[in-house]
Amino acid sequence: MPASPPNCGSPDHNLHRRKFLQGLSAGAVSSMSWGGLFGAPAFAEIAKRKQKHCILLWLCGGPSQFETWDPKPGMSTGGPFKSIPTNVPGTHFSELLPKCASIADKLAIVRSMKTTAKEHTEGINLLQRGHSPRPPFTRPTIGSVLAQQLGQLESKIPNFILLDPCPEGNEFKGFKAGNWAGWLGADYSPVRVGGEFQIPDAHKLDSITEDDHEAREALRKFFSKKYENDRKSAAASSWNATFERVNGLMSCAHLFDLERIPQADRDRYGPGAFGQHALLARTLVEEGAPFVMVANGMPWDSHVFNHEIYQMVVPDLDNIIFQLTKDLEDRGMLEDTLVVAMGEFGRSPWINQARGRDHYPNAWSLAMAGGGVQGGALVGATDKYGAEVTEDPFNEENLFATIFSALGIDPHSEFDIPGFPTFHHVENKAAPISQILS
Amino acid sequence: MNPLTLKKGKEIDLPSHVLDLTLGPDKKLYASCLDGGVYEVSTAFKIISDSYKEIARHDNFASGINWSASQNTLISAGYGGDLKWIDPKEKKETRSVKAHNFWSWQSRISPDGKLVATTTGQYLCGGYEYEPAPETEPSVKVFDVATGELRHSFPHIPPVQSVAFSNNGKLLAAGNLMGEVILWDLEQDGKEIARIKTPDFTGWGIIKGHYYTGGVFALHFAPDDKSLYLAGMGSTTDPAAGNGKQLWQNFTWHDGIKKSSSAVKGEIGEGLMETLAFHPSGKFFVMAGRIFKGDWNAALFDHESGSRLHHQNVGFRISASAFTPDGKTLFLAGGKNQGNPAEERKWGRIVIYKVVS
């Protein structure tokens, strides 16, 4: 198996690339201009140099807060699962999360998310982009923004990786086919891998020598850049980005092979697709990937059989968060890696006629761990039924401001998108959830 | 036979969804509910303000209620994995037995009232495609009603959602998520005598995610104990919709496993079927549950031909059913939407039907 190519991590790569992109037309889609490069807050640059990472465990469909982080045992809305104490005095999780309960001092929990989107497409867009739509402009997803902010364009490993072995997922399927990178452009769209999605044709032909391969690539790059510059072509820019990505994938395709990971590690993460891909995410972050999103279809959308489904999916998540947090800590990476576990909304306090829970944006929970957040923090509260937020309501803008702040990115800085209206990474000067920032 | 119909009588509200019901002494009805309560329910046709009275409480969902006439006791079961013996006259608990570490999915009393069977099992991820992990405790247990002692433990693949005694009390059957039903001979010290496997009741999510749903939710031996009815929901690829076919199948095992009959296409809609009960005549049975698509969620089927005799939409999801011994009355129980919890609405339902033929 070929060794992983070295990743020097030098910001010089960014510089040269950006200098080149600056030569593009006004319609080109770099998010940071030449001036912006030096105008950006100093700590964002420091964060880049330190190579911050983010793993998003995307619990698509909308996980129930009652069976995870905000249990209401004994209440008519509580369901059949009890709560258990954690290693943080006074904090209780669902009994389906015993492993997370043992590391609650490393987790930050928000119980007071209050958003507005009630349907999946609307909710996924809101919680992936951090803002409601403003046509005709398409705001980039969190992954694309972090890829741009934390990644390096010359990196041999993709800056935005989406691991999702489930090709379907109704609304999520539609979202996956859409525009992830928005105004940041193709450079920052995800490379999707997992399950049925292997990386095809990512290996160099044996009939071509390494020198020949590199020479061909250099020639292609020279002419295509010249064409791109001469014609000021956004299409050529997009093609070049694709080639860059393919070139990178050829170098790192082996990193996506689950079989290369020691069996003992694979056993710890559990046999399910979600666990295996969360483990893969850890190894990709170890190799330098700035942002990896792990999804698994939409299993959290429990309109039917809520308790019957959650008896399985929550213990799976429990183990995944536990293993991921412990592994990152053991490798000295937890401080620089933010782990976020959330979906697009929560689930209704009441049980429907199918003994399921329906979509519920009014009061829901999420969890974070690692870089930039304070372990053991518990923020916000809901009423006794879990129906309404009673303390510290936060919306998607507060959440995005928190994620950016935790990763050393100024949440209120502007995107540098010539020809566009002014857009900020987080609009309305929304404040981060300061109680969980370390 | 004249055309069968069901004539609706009284509809009774209970605090929460009714998971099981049984006829007890003096023609009284007992219900176990999602709020943990076990209730004595008045079946008088006149409308009275207080139709139910709590007689016991589990600290989790009360999933089962059974009446042993020979031992003069009710036995309820709960999602706490416990069984409770209840004196119906005194309306108090007389014994509690911890049967499982997880839910009691379903419990049933033997025809002679001497044994009570209960099933358990948590669905945990056991493979890349989320096939169930092996059991961590015996999934099927049988207790002595008189003493509360464990008489049999049987292994199965969890979760085991349904259980039934044969009419002669010699056989026990239990069905699981994966559509696997095991039959044991209790007179041969619990020897396994048959294993029915059908993929028709289990869905594997493609639309929403890769995991299994459904399973065998109800079992009932035919009156002659020569075949076994399975009920549940047909396979679906969208587990969040619950849109599989309303399904029953009848299997024989004496000459190899054979499916002898099943619900007829064109007579069934879509939705989970949770209960199947035979009329005392043995000529027909009721299957009921939830309606997702179609025009009924309770129907009477002819045992001999398998054809549907009567059907109707009851208006709420049904989880339990029972005929009176004289066959003149049918009870269907379940619940509506819970609604806003602050309103503390009563959302459990029992409806009483006259069986008219």
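Just so you know, these numbers come straight off a predicted model, no measurement behind them.
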Can you tell me which portion of [X] sits under 4.5 Å from chain A's heavy atoms? Options are side chain, backbone, both or neither.
X: B:F316; answer: both
X: B:S16; answer: neither
X: B:A342; answer: both
X: B:D59; answer: both
X: B:Y123; answer: both
X: B:L272; answer: side chain
X: B:I318; answer: neither
X: B:E344; answer: side chain
X: B:E343; answer: neither

Counting only N and O atoms by type, is there a donor-acceptor contact under 3.5 Å from the side chain of B:Q122 to the main-chain atoms of A:Q311?
-> yes
Any side-chain heavy-atom pair from A:P271 and B:C125 closer than 4.5 angstrom?
-> yes
Inter-residue atom distance [X].[atom1] - [Y].[atom2], 0.5 Å rounding:
X: A:I351; Y: B:W347; atom1: CD1; atom2: CH2; value: 6.0 Å
X: A:I309; Y: B:Y130; atom1: CD1; atom2: OH; value: 13.0 Å
X: B:N297; Y: A:Q353; atom1: CG; atom2: CD; value: 8.0 Å
X: A:R355; Y: B:L19; atom1: CZ; atom2: CG; value: 5.5 Å
X: B:L124; Y: A:N319; atom1: CG; atom2: CG; value: 10.5 Å
X: A:W350; Y: B:R345; atom1: CH2; atom2: CZ; value: 10.0 Å

Go through A:E308 and B:L177 one step at a time and tell me if the side chain to side chain contact (heavy atoms under 4.5 Å, CB included) criterion holds.
-> CA-CA 10 Å; A:E308 290 81 356; B:L177 169 70; over 6 Å; no
Measure A:D316 against the heavy atoms of chain B and call it side chain, backbone, both or neither at under 4.5 Å.
-> side chain
Measuring heavy-atom distances to chain B, does A:F172 have an atom under 4.5 Å in its side chain, in its backbone, in both, or in neither?
-> neither
A:K99, NZ: over 12 other non-hydrogen atoms inside 6.0 angstrom = yes
Given the options A:A354, A:S76, A:G61, A:G297, which has more heavy-atom pairs under 4.5 Å with chain B than any of the others?
-> A:A354
Chain B contacts, top residue of A:K82, A:M75, A:E171 (heavy-atom pairs, under 4.5 Å) = A:K82
Name the orientation class of the two ring planes belonging to A:H277 and B:Y128 (parallel below 30°, tilted from 30 to 60°, perpendicular beyond 60°).
-> tilted
Strictly under 6.0 Å, is that where the ring centroids of A:H307 and B:Y79 end up?
-> no
Which atom of A:F305 lies closest to which atom of B:G214, heavy atoms considered = CE1-N, 4.1 Å
Non-hydrogen atoms of B:W103 and A:P80 that approach each other most closely = CZ2-CG, 3.8 Å
